[in-house]
Number of protein chains: 2
Amino acid sequence: MNNLTSRQKEIFEFIKSKISKEGYPPTRMEISNYFGFKSPNAAEDHLKALKKKGFIEILSGTSRGISLNENLLDHIPVIGLVSAGSPMLAEENIEKKIPALPISTHGVDYYLRVKGDSMIDVGIFENDLIAVNKDIKIKKNSIVIARLDNDVTVKTLKELSDNKVVLRAENKNYEDIVIDPNKVSLNFEGTCVGLIRNIS
Amino acid sequence: MNNLTSRQKEIFEFIKSKISKEGYPPTRMEISNYFGFKSPNAAEDHLKALKKKGFIEILSGTSRGISLNENLLDHIPVIGLVSAGSPMLAEENIEKKIPALPISTHGVDYYLRVKGDSMIDVGIFENDLIAVNKDIKIKKNSIVIARLDNDVTVKTLKELSDNKVVLRAENKNYEDIVIDPNKVSLNFEGTCVGLIRNIS
DNA sequence: ATTCATACTGTAATTATATACAGTATTAAA
DNA sequence: TTTAATACTGTATATAATTACAGTATGAAT
């Protein structure tokens with residue numbers, strides 16, 4: 001969604017929402033009415049721009065003949081290995097994108113591929129994808145995604161106060177991580193709200 | 001899909017496939033062409049019948065203004081508790097339907113809600129949904145969905161021969177289930193190819 | 001300095017589409 | 001046995017929709 005102008009983004013979003021709400025794409029007129037255009041040609045121009053940029057296909061002579069070029073639909077990034085220092089959603093960390101799945105009662109901002117065995121006692125295994133929500137308030141006893149000195153880790157949050165944070169690996173072989181947040185750089189990236197595993 | 005005639009079923013299926021392939025519903029003409037009708041009114045009549053029976057909505061004056069009332073487009077059933085004796089996919093066992101998710105490299109025929117703790121050592125917990133493929137050949141060491149005397153169970157298949165089958169619960173507290181398939185009714189419903197967990 | 005992309009207004013024509021009306025034939029229900 | 005539902009053909013028309021052409025204005029790129 002990068003080379004789109006903000007107006008084009010709006011048009012594209014409108015088309016998507018029309019499809020998901022009504023079940024079919026809008027006409028030029030419907031687009032124009034929604035945005036207050038006085039000419040259907042304004043919509044036509046936008047559609048051509050979206051087509052040129054590869055976001056939609058237009059079937060000529062076909063009413064509502066707009067099809068979205070999938071793969072940009074409602075796709076949510078899967079984060080693989082996180083490069084030190086880079087923001088979670090940085091391009092370099094995105095392994096692929098998969099559709100928004102109704103796996104969780106909460107929204108999912110991204111999926112994170114699990115490394116290591118530190119959470120096996122709660123059934124989170126290496127290579128599982130955990131669904132992460134960025135906005136839920138970080139709470140005691142939730143499984144959180146934390147960034148400790150640029151190292152991204154998944155742990156259960158057992159204590160959270162101004163001068164003491166305890167992260168627990170759910171694996172008997174690991175010890176609790178006790179942190180003084182004033183001394184160490186600690187950020188919470190999100191809360192784990194779901195899990196996906198591929199068994200091959 | 002019960003009170004529909006077979007012809008109406010065909011029309012309905014055609015509309016569904018058009019929507020999923022093209023991204024928008026067909027026109028009366030497109031329906032007529034596909035089925036070889038010589039008049040668009042044949043399609044119109046069918047649409048009215050489908051509307052009357054509650055399968056679609058028709059928006060008057062709107063091109064391609066057909067919306068499906070079923071939202072089981074590419075939806076895959078989630079199987080909850082399985083009633084004794086009933087086939088897996090029997091209506092009574094279907095908890096809900098969710099979209100086809102690209103969680104697995106294999107196809108998914110249905111999701112099965114896990115009961116009990118017999119597989120916790122491989123990270124399968126109570127209430128998880130396991131993705132089941134019915135067609136993959138049952139193999140040793142896969143996690144299988146077996147029906148033992150009408151009881152549906154998820155276990156690892158450790159041995160499979162003509163006169164001995166061993167099903168292992170992946171939980172130290174349970175013993176292997178050793179079966180003589182000639183003496184006991186045993187069917188394999190499928191192989192576990194993935195897992196979904198909602199963490200709330 | 002000029003071309004190009006963006007973001008529109010305004011008009012208009014062709015064609016795509018919905019949909020009514022008038023029929024015919026078959027089958028199932030009252 | 002009459003009615004209603006199903007499954008169409010055939011014709012017709014109003015209107016929905018695409019889409020081209022001719023403009024205007026702005027800002028960014030070459």
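Below, chains carry the letters A, B, ... as their sequence lines are ordered, and counting in each starts from 1. Predicted, not measured: the structure shown is a model, and the values here were computed from it.
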Check your understanding: Is the B:F14 ring parallel, tilted or perpendicular to the B:F35 ring (thresholds 30°, 60°)?
Key -> perpendicular
Point to revise | Start and end of the DNA chain C segment that chain B contacts, any atom under 4.0 Å from a heavy atom | key: C:dT17 to C:dA22
Point to revise | Same apolar cluster: B:I19 and A:Y24, side chain cutoff 4.5 Å | key: no
Review point. Separation of A:I31 atom CD1 from D:dT19 atom P, in whole Å?
Key: 12 Å
Review point. Near DNA chain C, which residues from residues 36-51 of chain B have a heavy atom under 4.0 Å away?
Key: B:P40, B:N41, B:E44, B:K48
Exercise for review: Would you kindly give the CZ-to-P distance between B:F12 and D:dA7, to the nearest whole Å?
Suggested key: 15 Å
Check your understanding: Between atom NZ in B:K9 and atom P in D:dA7, what is the gap in whole Å?
Key -> 11 Å
Pairs of donor and acceptor atoms involving the side chains of residues 117-131 of chain B, under 3.5 Å and at least two apart or interchain, shall be tabulated with distances.
{"residue": "B:D117", "atom": "OD1", "partner": "B:Y174", "partner atom": "OH", "Å": "2.6"}
{"residue": "B:S118", "atom": "OG", "partner": "B:K155", "partner atom": "NZ", "Å": "3.3"}
{"residue": "B:D121", "atom": "OD1", "partner": "B:K172", "partner atom": "NZ", "Å": "3.4"}
{"residue": "B:D121", "atom": "OD2", "partner": "B:K172", "partner atom": "N", "Å": "3.4"}
{"residue": "B:D121", "atom": "OD2", "partner": "B:K172", "partner atom": "NZ", "Å": "3.3"}
{"residue": "B:E126", "atom": "OE2", "partner": "B:G116", "partner atom": "N", "Å": "3.3"}
{"residue": "B:D128", "atom": "OD1", "partner": "B:R197", "partner atom": "NE", "Å": "2.9"}
{"residue": "B:D128", "atom": "OD2", "partner": "B:F125", "partner atom": "N", "Å": "2.8"}
{"residue": "B:D128", "atom": "OD2", "partner": "B:R197", "partner atom": "NE", "Å": "3.2"}
{"residue": "B:D128", "atom": "OD2", "partner": "B:R197", "partner atom": "NH2", "Å": "3.0"}

Check your understanding: Considering residues at least two apart in sequence or located in another chain, which fulfil the salt bridge (charged side-chain N to carboxylate O under 4.0 Å, His left out) criterion with A:K53?
Key -> none
Revision key, fill the gap. Atom OH of A:Y24 and atom P of D:dT18 are separated, to the nearest Å, by 13 Å
Practice item. Taking only heavy atoms on the protein side, list every residue of residues 60-67 of chain B lying under 4.0 Å from any atom of DNA chain C, sorted numerically. Key: B:S60, B:G61, B:T62, B:S63, B:R64
Study note, to complete from the structure: One should read off an interatomic distance between B:L47 CG and B:I58 CD1, to the nearest 0.5 angstrom, of 5.0 Å
Point to revise | Bend angle of the helix from C:dT2-D:dA29 to C:dA30-D:dT1, from helix axes over five pairs at each end, nearest 10° | key: 30°
Exercise for review: Tell me, please, which residues at least two apart from A:S20 pass side chain to side chain contact (heavy atoms under 4.5 Å, CB included).
Suggested key: none
Exercise for review: Report the residues that fulfil salt bridge (charged side-chain N to carboxylate O under 4.0 Å, His left out) with A:K164, sequence neighbours left out, ordered by chain and then residue number.
Suggested key: A:E159
Review point. Would you say D:dT6 has OP1 or OP2 under 4.0 Å from some side-chain N or O of B:R7?
Key: no
Review point. Should the pair B:R64-B:E30 be classified as a salt bridge under the 4.0 Å nitrogen-to-oxygen rule?
Key: yes
Check your understanding: Considering residues at least two apart in sequence or located in another chain, which fulfil the side-chain hydrogen bond (donor to acceptor under 3.5 Å, both in side chains) criterion with B:S32?
Key -> none
Practice item. Kindly give the cluster partners of B:V178, where membership spreads through any ILVMFWY side chain lying under 4.5 Å from a current member. Key: B:V166
Review point. With sequence neighbours left out, what residues match A:E10 under side-chain hydrogen bond (donor to acceptor under 3.5 Å, both in side chains)?
Key: A:R7
Point to revise | Value in whole Å for how far the C1' atom of D:dT6 lies from CD of B:Q8 | key: 7 Å
Exercise for review: Could you tell me which residues satisfy side-chain hydrogen bond (donor to acceptor under 3.5 Å, both in side chains) with A:R28, sequence neighbours excluded, listed by chain and number?
Suggested key: A:E44
Point to revise | Residues A:D180, A:N182; criterion side-chain hydrogen bond (donor to acceptor under 3.5 Å, both in side chains); working and verdict | key: CA-CA 5 Å; A:D180 180 344; A:N182 304 305; 3.0 Å; yes
